[in-house]
Amino acid sequence: MAPKATKKRSAPSDPDGMFAGMDVFLVEIGVQPRRLQIWKQKLEQMGASIEDRLSKKVTHVFAMNSEALLQQIGRQRLSRFKGSVLLYQWLEGSLSLGEKVSEAPYILTLESGEGSLSNKSFKECGSKASNGYGSSDDETSHHKKIRTSPEDPKTASTKDMDDTVNIAVYEERKTVSSSDDLSPTHSPVNSSPTTPDALTKTVEISDSSLPYSPPDQNHNITEIFGKLVNTYRALGDDRRSFSYYKAIAVIEKLPFKIENMDQVKHLPAIGKSMQDHIQEIVSTGKLSKLEHFETDEKVRTVSLFGEVWGIGPATALKLYDKGHRTLDDLKNEDSLTNAQRLGLKYFDDIKTRIPRHEVQEMEQLLQKAAEEILPEVVVICGGSYRRGKASCGDMDIVITHPDGKSHIGFLRKYVKHLKDIKFLREDLIFSIHSEEDTDAGVDTYFGLCTCPGRELRHRIDLKVYPRDIYAFGLIAWTGNDVLNRRLRLLAESKGYRLDDTGLFPATQSSSSKRGTRAITSLRFKTEREVFDFLGFPWFEPHERNL
DNA sequence: CAGTAG
DNA sequence: AGGCCTTACTG
DNA sequence: GCCT
């Protein structure tokens, strides 16, 4: 019939997206073009439509600050506008949370000047490294637990470094096009031998061109909450830990410094307890609850023990109850497993972050060694390395083979060889699954390795994927965990289940029966195809530090 | 099976 | 009141 | 811990 269906939208907007029904007008003054483009794209993809002028249908106006707002629209026309006038931070907050946040804190008014006020101070705080609790931290990526140590003063500086590099990489992103998949020999995104000079320079640029950047005005609060995240995690209370983790994400996005409780009353993830805590921190500067934790010998000891690879909350508590108080004590404990003993022996080694250039060196070694055993094999270092970080807590190596079958049995030979050349030093876990039956099995090895010529132990994971589900493995092990979670939730909302082994139609029986492994994943060759299928905007690996 | 890891 | 991640190995 |  009527060919009215003009479906020419390249990026299919999702009518059920979180911005559905919104008609937005964007004040472009003071917005970095790239950032603007990203926002436009996301708005449209999540159901909003963008107007080029402030027409009647417009429901939302976004601006960087009140100056830009006035400059573009003018007081009169503005006073006639009945919709919401918000800071772009609302967008940021909603995107990072995956759902619309309350508009109240982001409302931009000319009278109160709240927006312009906070905007002023943006310049001062500039591009302060956004402290990444859990998520943006790269200790590990994936859909893992919340494991970080924001309180560790020793790692503080490296965090800053990480973010710095990200900004630098951001600049040269366009040039790096292929991030993907089945292309042997040539490594993906590693190329960023940024010099210190280049770094500082880039930072300065971004300082002036990103006047909004990460606010981080409530660092006092997020810092304390971050410590609670780790503490509860160490105690085995993952749920509670996660709550603080989510609260941090919300608070970090706020464009103002919290002073009275009304500003925080209706924020998502902030309930009664959080409000009380914020109240106490704002008025006293500290949180007695945390102080208590930090002086409690039991909590401190259990936390420490839990940092040993292989020791979790339960074991840590047992060890404490046995009377152990220091890591030295544990060395004489014979109930420890092999892996735990190794974790203990190389405790400091494993905690030592690996400079990017060393990871690069090892990745090349790994690629070369792999090809000697199996030509055409694809070896990519994922994790925080692939996301462009300046240093990495460990290495996540994702492997496949383009012919779809010769990956089988590869890992055994590979590991043996890597041991022969003294690259791999100690084993933690070795699980072979591909050699068995019909499984779309992933072979996995966890162990310790050393950089050539050195003795310092690093954690390394080797994972071999069948070609057909390789893209999923690559996505999952590149992370970060926030991105993975969003992908997973998006898939879920569209009736699928996503994990590192594939994308499956959501059959309810998927959880019921065990033997029914026959459910096969949808096939995608590249990461981008997966993103596209899910209707998720494409993120280059270095853009996945959410 | 509990505990742990990613 | 009950969900908030899933899956596989170690011992 | 928060949220439905």
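We name chains A, B, ... by the order of the sequence lines, and we start the count at 1 in each one. A quick note: this is a predicted structure, and the numbers were derived from the prediction, not measured.
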Taking [atom1] from [X] and [atom2] from [N], how many angstroms apart are they, rounded to a whole number?
X: A:Asp481; N: C:dC5; atom1: CG; atom2: P; value: 12 Å
X: A:Leu503; N: C:dT6; atom1: CG; atom2: P; value: 15 Å
X: A:Arg459; N: B:dA5; atom1: CZ; atom2: P; value: 10 Å
X: A:Ile429; N: B:dG6; atom1: CD1; atom2: C1'; value: 9 Å
X: A:Gln340; N: C:dG11; atom1: CD; atom2: P; value: 9 Å
X: A:Phe504; N: C:dT6; atom1: CZ; atom2: C1'; value: 11 Å
X: A:Ile311; N: B:dT4; atom1: CD1; atom2: P; value: 8 Å
X: A:Leu428; N: C:dC9; atom1: CG; atom2: P; value: 15 Å

query = Can you tell me if the side-chain N/O atoms of A:Thr315 get under 4.0 Å from OP1 or OP2 in B:dT4?
reply =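 Result: yes.
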
*Considering residues at least two apart in sequence or located in another chain, which fulfil the salt bridge (charged side-chain N to carboxylate O under 4.0 Å, His left out) criterion with A:Arg239?*
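A:Arg239 satisfies salt bridge (charged side-chain N to carboxylate O under 4.0 Å, His left out) with no residue once adjacent residues are dropped.
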
- Task: Report the residues that fulfil salt bridge (charged side-chain N to carboxylate O under 4.0 Å, His left out) with A:Asp329, sequence neighbours left out, ordered by chain and then residue number.
- Result: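 A:Asp329 satisfies salt bridge (charged side-chain N to carboxylate O under 4.0 Å, His left out) with no residue once adjacent residues are dropped.
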
My understanding is that only residues two or more places apart in sequence, or in another chain, count here; which of them pass side chain to side chain donor-acceptor pair (under 3.5 Å) with A:Glu297?
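Scan of A:Glu297 (side chain to side chain donor-acceptor pair (under 3.5 Å), adjacent residues dropped) gives none.
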
With sequence neighbours left out, the residues meeting side chain to side chain donor-acceptor pair (under 3.5 Å) with A:Lys318 are none

Candidate nucleotides [options], ranked by approach to the side chain of [X] - the nearest:
X: A:Thr337; options: D:dC2, C:dC5, C:dG11; result: C:dG11
X: A:Arg497; options: C:dT6, B:dA5, D:dC2; result: C:dT6
X: A:Ser273; options: D:dC2, B:dG6, B:dT4; result: D:dC2
X: A:Ser243; options: D:dC2, B:dG6, C:dC5; result: D:dC2
X: A:Pro313; options: C:dC9, B:dT4, B:dG6; result: B:dT4
X: A:Arg488; options: C:dC5, B:dG6, C:dT10; result: C:dC5
X: A:Ala314; options: B:dG3, C:dC5, B:dG6; result: B:dG3
X: A:Arg485; options: B:dG6, C:dC5, D:dC2; result: C:dC5

For this session: In whole angstrom, give me the gap between the C1' atoms of C:dT6 and D:dC3.
Result: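 C:dT6 and D:dC3 have their C1' atoms separated by 22 Å.
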
**Item:** Nearest-angstrom distance, P atom, C:dC4 to B:dA5
**Value:**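 Roughly 22 Å separates the two P atoms.
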
_Any base atoms under 4.0 Å from A:Asn338, or only sugar-phosphate, or nothing? Heavy atoms, all strands._
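Sugar-phosphate, backbone atoms only, no base.
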
Scan A:Ile270 against the nucleic acid and name what it touches under 4.0 Å (heavy atoms): base, sugar-phosphate only, or nothing. sugar-phosphate

Margin query: Looking at A:Trp477, I'd like to know if the NZ or CZ of A:Arg387 sits under 6.0 Å from its six-membered ring centre while staying within 45 degrees of the ring's axis.
Written below: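 Not flagged: A:Arg387 not positioned over aromatic ring of A:Trp477.
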
Given the options A:Arg353, A:Arg459, A:His458, A:Asp394 meets side chain to side chain contact (heavy atoms under 4.5 Å, CB included) only with A:Arg459

Using nucleotides 1-3 of chain C, report all nitrogen or oxygen pairs with the protein that are shorter than 3.5 Å.
none

In short, side-chain hydrogen bond (donor to acceptor under 3.5 Å, both in side chains) pairs touching residues 265-279 of chain A with sequence neighbours left out are A:Tyr244-A:His277, A:Lys272-A:Asp276

- Item | Donor-acceptor pair, side chain of A:Asp468 and main chain of A:Arg523, under 3.5 angstrom |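 No; judged by distance alone, with no hydrogens or angles, the pair does not exist.
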
